[in-house]
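For reference, the structure is listed below as structure tokens.
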Amino acid sequence: MLKEIYNAFGLAIRSLRTNLFQTLLSVLGIVIGVGALVTMLCMIDGMENLARREISAKTSLENIAIIPRTATNVDGMLTRRDKVAELDFDFAQRLIEELKTPAKYQLLFQEKFLTNHPVTDSVMGVQTMALSLPLMEEDAAEIAHGRMLTEADQTDSSAVMVINHKMAVRLVEGDSSRIADAIGMEVRLDDTLTATVVGINAPPEEKDRFLQAAIPLTARMAIGPAEVQIDPQLILAFDNVEEVAAAYDQIEGWLPAQFPEIENPVRIIASTDWLKELESGFLIFRILMGLIVGIAVVVGGIGVMNVTLMSIKERTAEIGIRKAVGAKRKNIMALFLSESIAVSMLGSLLGLILGVLVAMAVGPILSIFLPEGAPDFQAAYTLQTLITVVIIAIIVGIVFGTYPARKAAKLDPVTAIARV
């Protein structure tokens, strides 16, 4: 079977070389159609990549949160569970090693304290976040004074804190000109924890709503479970948003075995629905634009059919002689069908090259007209586009070559030879 296909394509190529001008004319339509389609697909892939980059930079769609269930709902009342899933450093490391996709992690525990000002003794409400170190996003907050929390603080369980601008202003009694004086102050958060200010975040674009402080998680955990119950949550961050869905499914299947004695031990939170909507939106757009641009491919296919019919008319005697010496209808049909597919594949290959070159030129041109500060747009070239082109070439060759091939196969050998 493979030998017959090989022989058929060999004959088809030799025939096309003898009718080179006609072949080039028929190929031209395919080149333009496939080139336009490839350019469109590359541009859409580039738009999708740009959207994913912007989403990853400005949202937490690439994150998965694992939160232990600490309470059970009994008739509308929440009661503390006897057993709570413990998400500690060992658990986080095991999960990272188990995941098929590389990820960063952050353990964190949030609390709210009513405490007294270290100088005026006035009441302050402080939102505190105990974090594992190093920070998952090191550039998440800019330090205006002092330093950021370090891994050494975690190793030593140091009772130190980095506070936001609003809390620093409060500590210096509202005098913004000496905000750096807050560095070194000791703040007693509760009866079990007093921390020293080592850093102050830069003021944000909008005013801070709350007094906020960040401390090493180990400093909070060192207090011991007898004094305070620590139930940190685990945040996983992936490089690309498209990795989240697969990681979510893997985590969901892996977690139950880690806490067999606890029913429904954790909540897993991820924006997988948003990701699916994003993918669905681009898929619909890709199909819609493909159908519109595909009209040009159909026109090119009609050109392939036309040149194949002309070839049959010119080679009527050859067909009659082949059938007279024993060629079967399937052999004749395979010959002309192979010619049609060969023309389509040649045109598709040239169209692929043309489409990629046009997409490479269009990307930088579009970036010129984008507003200042907008991210640069670049077309993307994927394996999916290459596969699409190959499939189109085969389909066009078969669809628009079947009728001419069947017509050639049905010729009567005596009648065909008599036309010489």
Side-chain angles (χ1 to χ4, degrees), residues 9 12-13 16-17 19-55 240-242 278-308 337-370 374-402 404:
F9 269 96
I13 297 298
L16 292 175
R17 290 175 62 184
N19 299 279
L20 186 59
F21 185 71
Q22 292 181 2
T23 302
L24 291 177
L25 288 178
S26 61
V27 163
L28 185 60
I30 296 292
V31 171
I32 295 174
V34 172
L37 181 60
V38 169
T39 299
M40 184 59 63
L41 291 177
C42 290
M43 299 299 287
I44 294 174
D45 288 337
M47 291 170 56
E48 185 172 1
N49 289 344
L50 178 61
R52 291 181 183 278
R53 288 198 305 270
E54 290 299 296
I55 288 172
N240 301 305
V241 292
E242 58 264 23
L278 177 68
E279 293 173 356
S280 298
F282 274 106
L283 178 60
I284 292 172
F285 184 52
R286 187 178 286 109
I287 293 174
L288 179 61
M289 296 306 298
L291 290 175
I292 295 174
V293 180
I295 296 174
V297 180
V298 173
V299 173
I302 294 173
V304 173
M305 178 186 289
N306 183 53
V307 78
T308 306
L337 197 58
S338 299
E339 286 188 15
S340 176
I341 295 175
V343 170
S344 298
M345 294 190 71
L346 176 61
S348 298
L349 177 61
L350 296 176
L352 174 64
I353 297 172
L354 175 64
V356 169
L357 292 175
V358 171
M360 289 175 63
V362 170
I365 293 173
L366 284 179
S367 297
I368 295 174
F369 295 96
L370 291 175
D376 291 335
F377 175 80
Q378 292 181 342
Y381 318 104
T382 63
L383 180 61
Q384 181 180 355
T385 300
L386 177 60
I387 294 174
T388 300
V389 169
V390 173
I391 293 175
I392 287 174
I394 295 174
I395 291 177
V396 169
I398 292 175
V399 171
F400 292 96
T402 298

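Under the side-chain contact (heavy atoms from CB on, under 4.5 Å) criterion, Ile391 pairs with Ile387, Ile395, sequence neighbours left out.
Rounding to the nearest 0.5 Å places CD1 of Ile353 at 7.5 Å from CG of Leu357.
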Could you pull out every donor-acceptor pair under 3.5 Å between side chains of residues 30-41 and any protein atom, sequence neighbours left out?
residue, atom, partner, partner atom, Å
Thr39, OG1, Gly35, O, 2.9
Thr39, OG1, Gly355, O, 3.1

